[in-house]
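Because only heavy atoms are used, hydrogens play no part in the values below, and waters and symmetry mates are left out as well, while side chains stay in. Here is the naming used below: chain letters follow the sequence lines, and residue numbers restart at 1 for every chain.
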2 protein chains.
Amino acid sequence: MTPSPKLTFAPLYEQVKKAILDRIIAGEWGPGSFLPSEIALAKEYGVSQGTLRKALNALTREKRLVRYQGKGTAVAVLDEDSDLFPFFLFSDKHGKRVYPLSQIYGLRLGQPSEAERAALNLAPGVKVIHIDRVRMLDDCPVINERVTLSTARFPDFSFESDKVPNTLYEHYQLHFGVTVARATEQIEVTLPDPADIKRLNVERSHPLLLVTRTSFDLQEQPVEFRISHINTSHHVYRAELR
Amino acid sequence: MTPSPKLTFAPLYEQVKKAILDRIIAGEWGPGSFLPSEIALAKEYGVSQGTLRKALNALTREKRLVRYQGKGTAVAVLDEDSDLFPFFLFSDKHGKRVYPLSQIYGLRLGQPSEAERAALNLAPGVKVIHIDRVRMLDDCPVINERVTLSTARFPDFSFESDKVPNTLYEHYQLHFGVTVARATEQIEVTLPDPADIKRLNVERSHPLLLVTRTSFDLQEQPVEFRISHINTSHHVYRAELR
DNA sequence: AAGTGGTCTAGACCACCGA
DNA sequence: CGGTGGTCTAGACCACTTC
């Protein structure tokens, strides 16, 4: 009954919640596996069952845990189908959901643009990571985008493009403990630039969707800035609004 | 101490929550005014303070109430700036938020299209209300849209266009007790149809945003279907994703 | 100082799951 | 059947607002 990590002061259930979240991120309980029972965890943290419940229920509301009456509490599995990142979806014209594959064609350190500096709230002189990639839907290049990350937020980010997976949000969470909780997007119509014409294989006069997105973590700090150029001739962009 | 509305069975705090929500919708406590204290309400419903707290906290998470420590619990004020309907925002090109004004040019009963029937989950033969309107931003016509509502969901909907306000979601909530909690959108690029050319004053070749939206209430039932054609030359469409 | 919401506890009983 | 989470209670103490 080693009374695990020391707790400082702040609402008790908040501390417990954070402690449990840390252990989830550290991978102590893998996605889908079950946590100890409420009673065991309450004893371990030296709090009442009610307080521990409040922590678990908060994590459940945030989609980190799933509770099964009579069975136990499990770590939520986050895959592409899950509800954890319910935005950034694409469908074909019949409404059937499709999943993009990515091909990175640029991955390097750079100076942030003014928009990037503002969106990510960067100190002067901080460099950023630029990920340039094309995303394919049904083997067809549909999205040309640049993802921008702060080096401060993502130290030791790998610059080998094989090490950067398709699903960036999952990557942020699993390797940097950064959880995207919210995003804002600006959506406009635009004409393709030369890179779009080449990468997306479209005519100069073919209008594209221009989506500018800033993502935030649970503490409301900006995480990622992204500019996407999207061809909606054969697919539609879907947004889930809550 | 009239022990108000009878309660049937289901989780107690759910019943209390619903009962309180009904009184908010009925206007018993106007937006911004304070509810009785926890203790008073608990006594009134004949439940413990803890159970009542759970109901109030759930309503607070849903943005219906605001709690002030030491002061009391008030009904949340829902205006255009509030967070209750955090979607469907527009900005000018400098990021400054702007609010649309509407001009209704069509308001009548009609047969639903196949898409409308499917989205609103309509029984065969049910008629729908069609609201056709142009929305202005900075005195410039920017959006041409058709809003579709089920007559079953909105009985006695007024067909005098002066009686239908700008802010439809607030209208649904205040006059029909229907709260929009979630929406899904499909976003594409399209070219204007003849009505768009006339209403939005654009060229035939000028591409527009095509947004198809279905809105759902707290019980996950579809409420509204909407097709919007948007000119993003001078304004951008913003989405808040959670 | 009185009244409000915020936190926390301890214990009771229920509903569900699995062996 | 025992163990799990789900609900509900009663009461304690704290932090904040208002007077």
Side-chain angles (χ1 to χ4, degrees), chain A residues 1 3-21 23-24 29 31-77, chain B residues 1 3-21 23-24 29 31-77:
Chain A
M1 247 40 78
S4 36
K6 283 296 191 308
L7 305 176
T8 58
F9 270 93
L12 239 193
Y13 68 87
E14 282 285 359
Q15 303 174 40
V16 173
K17 177 186 158 192
K18 171 124 184 34
I20 292 174
L21 180 55
R23 292 168 77 179
I24 294 171
W29 308 293
S33 63
F34 282 78
L35 273 60
S37 75
E38 290 182 350
I39 295 173
L41 282 172
K43 193 172 295 179
E44 184 178 344
Y45 285 107
V47 301
S48 77
Q49 190 179 350
T51 301
L52 192 109
R53 272 185 85 73
K54 207 166 170 180
L56 293 187
N57 284 332
L59 288 168
T60 302
R61 273 195 302 274
E62 290 171 13
K63 306 270 172 77
R64 318 311 286 261
L65 297 177
V66 188
R67 312 262 258 147
Y68 303 97
Q69 183 171 165
K71 282 188 70 177
T73 303
V75 178
V77 290
Chain B
M1 236 51 69
S4 33
K6 282 295 189 314
L7 306 176
T8 59
F9 270 94
L12 239 193
Y13 68 89
E14 282 287 359
Q15 302 175 42
V16 174
K17 176 186 157 193
K18 169 122 187 34
I20 293 175
L21 180 54
R23 292 169 74 179
I24 295 171
W29 308 293
S33 64
F34 282 79
L35 273 60
S37 75
E38 291 182 351
I39 295 171
L41 283 172
K43 191 171 296 180
E44 183 176 344
Y45 286 106
V47 300
S48 78
Q49 191 177 348
T51 299
L52 192 111
R53 272 184 86 70
K54 208 167 170 181
L56 292 187
N57 284 333
L59 289 168
T60 301
R61 273 195 301 274
E62 290 170 12
K63 307 271 174 74
R64 321 308 289 265
L65 296 177
V66 188
R67 311 261 258 148
Y68 304 96
Q69 183 172 162
K71 282 188 71 176
T73 302
V75 177
V77 290

Could you tell me which residues satisfy side chain to side chain donor-acceptor pair (under 3.5 Å) with Lys18(B), sequence neighbours excluded, listed by chain and number? Asp22(B)
In chain order, what residues pass the side chain to side chain donor-acceptor pair (under 3.5 Å) check against Arg67(A), with sequence neighbours excluded? Glu38(A), Asn57(A), Thr73(A)
Measure all distances between protein nitrogen or oxygen atoms and nitrogen or oxygen atoms of nucleotides 15-18 of chain C, and list the pairs falling under 3.5 Å.
from: dA15(C); atom 1: N3; to: Gln69(A); atom 2: OE1; distance (Å): 3.0

Which value, rounded to the nearest 0.5 Å, describes the distance between [X] atom [atom1] and [Y] atom [atom2]?
| X | Y | atom1 | atom2 | answer |
| --- | --- | --- | --- | --- |
| Gln15(B) | Ile20(B) | CD | CD1 | 12.0 Å |
| Lys17(B) | Leu52(B) | NZ | CG | 13.0 Å |
| Ser48(A) | Leu12(A) | OG | CG | 8.5 Å |
| Thr51(A) | Leu41(A) | OG1 | CG | 13.0 Å |
| Ser37(B) | Lys71(B) | OG | NZ | 15.0 Å |

Take Arg64(A) and Val75(A), measure what side-chain contact (heavy atoms from CB on, under 4.5 Å) needs, and give me the verdict at the end. CA-CA 6 Å; Arg64(A) 318 311 286 261; Val75(A) 178; over 6 Å; no
Net bend of the helix from dA1(C)-dT18(D) to dG18(C)-dC1(D), end axes of five pairs each, nearest 10 degrees: 10°
Nearest-Å distance for atom pair CG/P, residues Leu35(B) and dT4(C): 13 Å
To the nearest angstrom, how far is Ile39(B) atom CD1 from dA2(C) atom C1'? 12 Å
Side chain to side chain contact (heavy atoms under 4.5 Å, CB included) partners for Lys54(B), two or more places apart: Tyr13(B)
Tell me, please, the opening and closing nucleotides of DNA chain D, 5' to 3', among those with an atom under 4.0 angstrom from a non-hydrogen atom of chain B. dT7(D) to dT18(D)
Phe34(A) atom CZ, over 12 foreign heavy atoms within 6.0 Å: yes
Answer yes or no: does a side-chain N or O of Thr73(B) lie under 4.0 Å from OP1 or OP2 of dG5(C)? yes
